[in-house]
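This report concerns only the one structure given below.
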Amino acid sequence: MLDLKQIRQQFDQVQAALSRRGVYDLSELRDLDQQQRELEGQRSQLQARSNEIGKTVGQQMRNGADPNGPEIQALRDEGNQVKAELAELEPRERDIKAQIEALLLALPNLPSDTTPNGKDETENVEIRRWGDEYLPANSESLKPHWEVGEALGIFNFERATKIAQSRFVALMGLGAALERAIFTFMLDRHTAHGYTEVMPPYLVNTASLTGSGQLPKFSEESFRCDRDDLWLSPTAEVPVTNLHRDEILPAESLPLHYCSYTPCFRREAGSYGRDTRGLIRLHQFNKVEMYKFVHPDTSEAEHQALVQDAEAILQALKLPYRVIELCTGDLGFSAIKTYDLEVWMPSSNSYREISSCSNCGDFQARRANIRFKTTGQKGTQYVHTLNGSGLAVGRTMAAILENYQQPDGSVKVPEVLQPYLKREWL
RNA sequence: GGAGAGGUGGCAGAGUGGUCGAAUGCGUCCGACUUGAAAUCGGAUGUACCGAAAGGUACCGUGGGUUCGAAUCCCACCCUCUCCGCCA
């Protein structure tokens with residue numbers, strides 16, 4: 001959520017920054033804000049008078065005044081008068097406040113000054129590449145991962161479709177074991193780097209999805225259990241953000257670093273034709289997420305470190321990848337700045353997203369009301385939140401199957417996974 | 001699912017409808033005493049909004065209602081706990 005005070009005080013700057021993302025007009029918000037402030041002033045004056053009347057009546061009664069005497073009757077009448085005026089004013093103010101809230105919740109975050117301008121993903125900026133020496137030489141002859149996997153019998157799409165519907169997979173035998181090896185390896189790495197592991201609820205309520213920014217705008221993207229005000233979490237970012245919702249953290253406790261392995265559930269509405277085969281785009285997939293609550297002064301450095309922690313996984317797996325920075329047109333709703341990691345997928349002869357590392361500034365903190373307090377200092381500040389996949393597990397498996405496949409149809413197990421899987425070949 | 005109890009400040013825990021934003025204790029912070037520490041003593045200690053400030057307003061699970069006035073009374077909802085049943 002954007003800062004209403006900032007919109008009021010630096011209207012032109014905020015409007016300009018938002019316009020880098022697309023067409024947004026803040027003028028209605030500005031007008032409503034002004035109206036609300038006027039009404040609030042009037043209301044608070046009436047309330048002050050009402051309190052005064054109440055106190056005076058109380059005092060006079062204690063001094064033995066006749067409850068039905070003329071002085072008290074006059075005060076009562078005025079009290080009723082004030083009440084009537086408030087009854088007229090309050091609903092108007094509440095209505096305007098609700099409108100402001102709704103507008104604010106629908107606005108995306110302001111891009112960072114350093115985020116490149118651009119209209120869509122074609123204008124993202126490549127930052128660096130890694131692992132050219134690991135690029136498979138015989139790219140043309142390599143099979144797509146779903147063929148490799150089906151041949152090895154390590155996953156099955158048809159049966160998963162029978163169980164649920166399309167865009168689900170059942171991992172079988174070594175496939176299940178490989179999946180488990182991958183996320184266990186990732187968690188071990190991250191916890192060794194100081195991230196605290198979290199296993200959160202996978203069902204989350206509406207307030208949680210609103211806090212991290214998926215609602216109200218993107219309700220189409222999540223599965224809902226509507227009898228219970230619960231949704232299937234689309235990413236661990238949601239529960240982990242809300243770990244500290246409505247909390248005031250001591251400044252000394254920052255930064256908080258978490259990592260979390262969870263299944264993720266996405267409806268993938270509007271992507272019907274895309275990635276219909278394989279592990280790339282499923283309604284349910286596993287992901288290890290890294291998440292940080294940090295002091296605003298450190299968030300840029302924390303962001304760089306987060307990207308490196310994600311890269312370290314790909315490097316350990318010796319999977320070639322590149323880092324791109326998203327332009328303003330491709331930036332996610334809550335982010336001010338995002339780096340995507342894209343892993344090399346020989347079968348499609350392209351790099352595919354395997355991690356997205358975002359700095360959300362105070363946007364989620366404001367929505368979820370997550371603040372910190374420095375002892376001795378007055379007031380509170382919003383924390384900054386950062387999240388990054390480290391990594392998407394299914395896509396990691398896909399990348400391994402493609403990049404590590406052998407001419408004979410077998411797949412070499414990446415060295416760092418061998419101790420987990422207890423074998424060298426699939 | 002059935003029965004009951006309860007939701008108050010960081011925690012514990014009071015609060016006859018009338019200076020209650022809220023006693024008290026613990027905790028925390030500052031200070032004094034002390035070589036240092038403990039103990040003891042003194043003081044401070046919720047959040048947000050409006051205001052240059054003085055000060056004002058709101059918040060005692062949530063939303064309504066009664067009243068000049070509600071933490072306190074009424075209604076609805078949400079949540080938590082205990083016991084029973086079921087269950088991995």
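- Rounded to an integer number of Å, the gap from A/Asp228 CG to B/C77 C1' is 16 Å.
- The CD atom of A/Glu123 lies 10.5 Å from the CG atom of A/Asp330; values are rounded to the nearest 0.5 Å.
- Nucleotide B/U35 forms a pair with no other nucleotide shown, judged by Watson-Crick or G-U wobble geometry with both contacts under 3.5 Å.
- Under the Watson-Crick or G-U wobble criterion, with both distances below 3.5 Å, B/A58 is paired with B/U47.
- Taking the C1' atoms as reference points, B/G25 lies 24 Å from B/G61, given to the whole Å.
- For A/Gln60 and B/U19, the CD to P distance is 15 Å, given to the nearest whole Å.
- Among the atoms of the strands shown, none is found under 4.0 Å from any heavy atom of A/Arg366.
- How far CD1 of A/Ile370 is from CD1 of A/Ile248: 12.0 Å, rounded to the nearest 0.5 Å.
- Taking atom P in both B/C26 and B/U40, the straight-line distance is 9 Å, to the nearest Å.
- Toward the 5' end of RNA chain B, the nearer of the two residues A/Ile53 and A/Gln59, judged by each one's closest nucleotide, is A/Gln59.
- Summarising the base pairing, B/G17 is matched to no nucleotide, lacking a Watson-Crick or G-U wobble pair whose two defining distances lie under 3.5 Å.
- Residue A/Arg43 has its side chain nearest to B/U57 when only B/C49, B/U57, B/U47 are considered.
- Across B/G56 and B/A5, the matching P atoms stand 42 Å from one another, rounded to whole Å.
- Of the listed nucleotides (B/U19, B/G69, B/C49), B/U19 has the atom at the smallest distance from the side chain of A/Lys55.
- Closest to the side chain of A/Thr380, from the set B/G51, B/G56, B/A48, is B/A48.
- Contact between the side-chain N/O atoms of A/Arg371 and the OP1/OP2 oxygens of B/U47 is not found at any separation under 4.0 Å.
- Checking B/A23 for Watson-Crick or G-U wobble geometry (two distances, each under 3.5 Å) identifies no partner in any strand.
- None of A/Tyr258, A/Tyr195, A/Phe183 except one satisfies the ring-ring contact (aromatic ring centres under 6.0 Å, His included) rule with A/His190; the exception is A/Tyr195.
- When both distances must be under 3.5 Å, the Watson-Crick or G-U wobble mate of B/G9 does not exist.
- Rounded to whole Å, the separation between the C1' atoms of B/G9 and B/C20 comes to 13 Å.
- Spacing of P atoms, B/U8 relative to B/U72, comes out at 14 Å, to the nearest Å.
- Residue A/Arg94 is classed as a sugar-phosphate contact, given heavy-atom separations below 4.0 Å to backbone atoms only.
- At the heavy-atom level, A/Asp77 lies nowhere under 4.0 Å from the strands shown.
- Within the cation-pi definition used here (under 6.0 Å to the ring centroid, within 45° of the axis), A/Arg30 qualifies as a partner of A/Phe11.
- Residue-to-nucleotide proximity on RNA chain B shows that, of A/Met61 and A/Gln47, the 5′-proximal contact is made by A/Met61.
- Taking 4.0 Å as the cut-off between side-chain N and carboxylate O, A/Glu302 and A/Lys292 count as a salt-bridged pair.
- Computed from coordinates, the A/Ile100 CD1 to B/C49 C1' distance equals 13 Å when rounded to whole Å.
- Following rounding to the nearest Å, A/Glu93 (CD) and B/A58 (P) show an atom-to-atom distance of 12 Å.
- The partner of B/G69 cannot be assigned: no Watson-Crick or G-U wobble pair with both contacts below 3.5 Å exists in any strand.
- Under 4.0 Å is where a charged nitrogen must lie from a carboxylate oxygen, and between A/Arg267 and A/Glu220 at least one such pair does.
- Taking 4.0 angstrom as the limit, A/Arg8 places a side-chain polar atom (N or O) nearer than this to OP1 or OP2 of B/C50.
- Separation of the C1' atoms belonging to B/A38 and B/U57 is 46 Å when rounded to the nearest angstrom.
- Annotation: B/A70 and B/U19 have their P atoms spaced 11 Å apart (nearest Å).
- Using a 30° and 60° split on the angle between ring planes, A/Phe293 and A/Tyr291 fall in the tilted class, from 30° to 60°.
- Each of B/U47, B/U57, B/U19 was ranked by its minimum atom distance to the side chain of A/Ala48; first place goes to B/U57.
- Nucleotide B/C50 holds its C1' atom 13 Å from the CD atom of A/Glu38, rounded to whole Å.
- Summarising the base pairing, B/G42 is matched to B/C30 through a Watson-Crick or G-U wobble pair whose two defining distances lie under 3.5 Å.
- As a whole-Å value, the separation of A/Asn51 CG from B/G21 P is 8 Å.
- Nucleic acid contact class of A/Lys373 (heavy atoms, under 4.0 Å, all strands): sugar-phosphate only.
- Across all strands shown, A/Thr56 has no heavy atoms under 4.0 Å from either base or sugar-phosphate atoms.
- Using a 4.0 Å cut-off between charged nitrogen and carboxylate oxygen, A/Glu325 and A/Lys337 count as a salt-bridge pair.
- Distance A/Glu90 CD to B/G65 P: 9 Å, rounded to the nearest Å.
- When the P atom of B/U62 is taken as reference, atom CG of A/Asp246 falls 12 Å away, rounded to whole Å.
- In this structure B/G1 sits in a base pair with B/C84, meeting the Watson-Crick or G-U test at under 3.5 Å.
- For the P atom pair drawn from B/C41 and B/C49, the interatomic distance equals 38 Å after rounding to whole Å.
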